[in-house]
Amino acid sequence: MTGSARRLPLPDLAAMERLGQAIAAAVQPGDVVALSGSLGAGKTTLARAIIRALGHAGEVPSPSFAIIEVYDPPSVRLPLVHADFYRLKRPEEVEEIGLDDYREGAVLIAEWPDHAGGFAHEAGCLAVTLEFADEGRIAIVEEGSLWLGRMP
């Protein structure tokens, strides 16, 4: 991470959608969008906004039980893996589910990234922590070095 976190107010669902659109416009294959926050903070809502902004017109199920949902062109602009690691008991389980195979050439949206050992050490990681605030929510955004200059 670059060390400087930005705090973005998310007063309503429209603001969450705009953040998802901004992230979708900037992602590149190999990137990780790591979504953290407490239960109900909006991780899946933001993931869905990103996936829709990448072109997916259908339903976007939460990968809570499947752990991984894969989206391929032409339904999205680029290959995408949406993972929810909440149910993992140990970070080593990501190897058992073959995460590296899914990630090759794709963007990874990772909910509960700490359950998978985290991704903040990767230069292509955009870490977004969602927190409740007096007026809706706030997103704390930290960019890996490969993200510098990509987010408006």
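Exactly one residue among Val70, Ile51, Leu108 makes a side-chain contact (heavy atoms from CB on, under 4.5 Å) with Leu80. That residue is Ile51. Just one of Val107, Ile68, Asp101 meets the side-chain contact (heavy atoms from CB on, under 4.5 Å) condition when paired with Val81; it is Ile68.
The closest side-chain heavy-atom distance from Leu54 to Val27 is below 4.5 Å. Between Glu69 and Val60 the shortest side-chain heavy-atom distance does not fall below 4.5 Å. In this structure, Asp72 and Pro79 have side chains that are in contact, with non-hydrogen atoms separated by less than 4.5 Å. Taking the side chain as every heavy atom from C-beta outward, Trp147 and Val141 never approach each other to under 4.5 Å. Considering only heavy atoms from C-beta on, Arg90 comes within 4.5 Å of Glu96 through its side chain. Using a 4.5 Å cut-off on side-chain heavy atoms (C-beta onward), Glu111 and His82 make contact. A 4.5 Å side-chain heavy-atom check between Val94 and Leu88 finds at least one atom pair inside the cut-off. Side chains of Cys125 and Glu142 form no contact here, defined as non-hydrogen atoms less than 4.5 Å apart.
Residue Arg87 holds its CZ atom at 9.5 Å from CD of Glu93, rounded to the nearest 0.5 Å. Atom CD1 of Ile23 sits about 10.5 Å away from atom CG of Asp31, to the nearest 0.5 Å. Taken from CD1 in Ile109 to CD1 in Ile50, the straight-line distance is 4.5 Å, to the nearest 0.5 Å. Considering CD of Glu59 and CZ of Arg48, their distance stands at 7.5 Å, rounded to 0.5 Å. Within the model, atoms CD1 of Ile138 and CZ of Arg6 stand 12.0 Å from one another, a figure rounded to the nearest 0.5 Å. To the nearest 0.5 Å, atoms CG (Leu10) and CD (Glu131) are separated by 11.0 Å.
Annotation for Gln28: atom CD counts as buried by contact number, over 12 foreign heavy atoms lying within 6.0 Å. More than 12 heavy atoms of other residues, nucleotides or ligands shown are found within 6.0 angstrom of CD on Glu92. Other residues, nucleotides and ligands contribute only 12 or fewer heavy atoms inside 6.0 Å of the CD atom of Glu104.
Residue pairs meeting the ring-ring contact (aromatic ring centres under 6.0 Å, His included) criterion with at least one partner in residues 35-61, sequence neighbours excluded, are His56-Tyr71.
Under the 3.5 Å distance criterion, the side-chain polar atoms of Arg77 are matched with a main-chain donor or acceptor of Ala24. Checked by atom type and distance alone, the side chain of Lys43 never pairs as donor or acceptor with a backbone atom of Ala34 at under 3.5 Å.
A salt bridge between Arg150 and Glu143 is absent, with no side-chain N of the basic residue lying under 4.0 Å from a carboxylate O of the acidic one.
Across Tyr102 and Ile97, no two heavy atoms sit closer than the pair CE1-O, 3.3 Å. Of all the heavy atoms in Pro113 and Ser36, the pair that sits closest is CG-OG, 3.4 Å.
For His115, the ring pair (Phe, Tyr, Trp, His ring centres under 6.0 Å) test picks out Tyr86, Trp112, with sequence neighbours left out.
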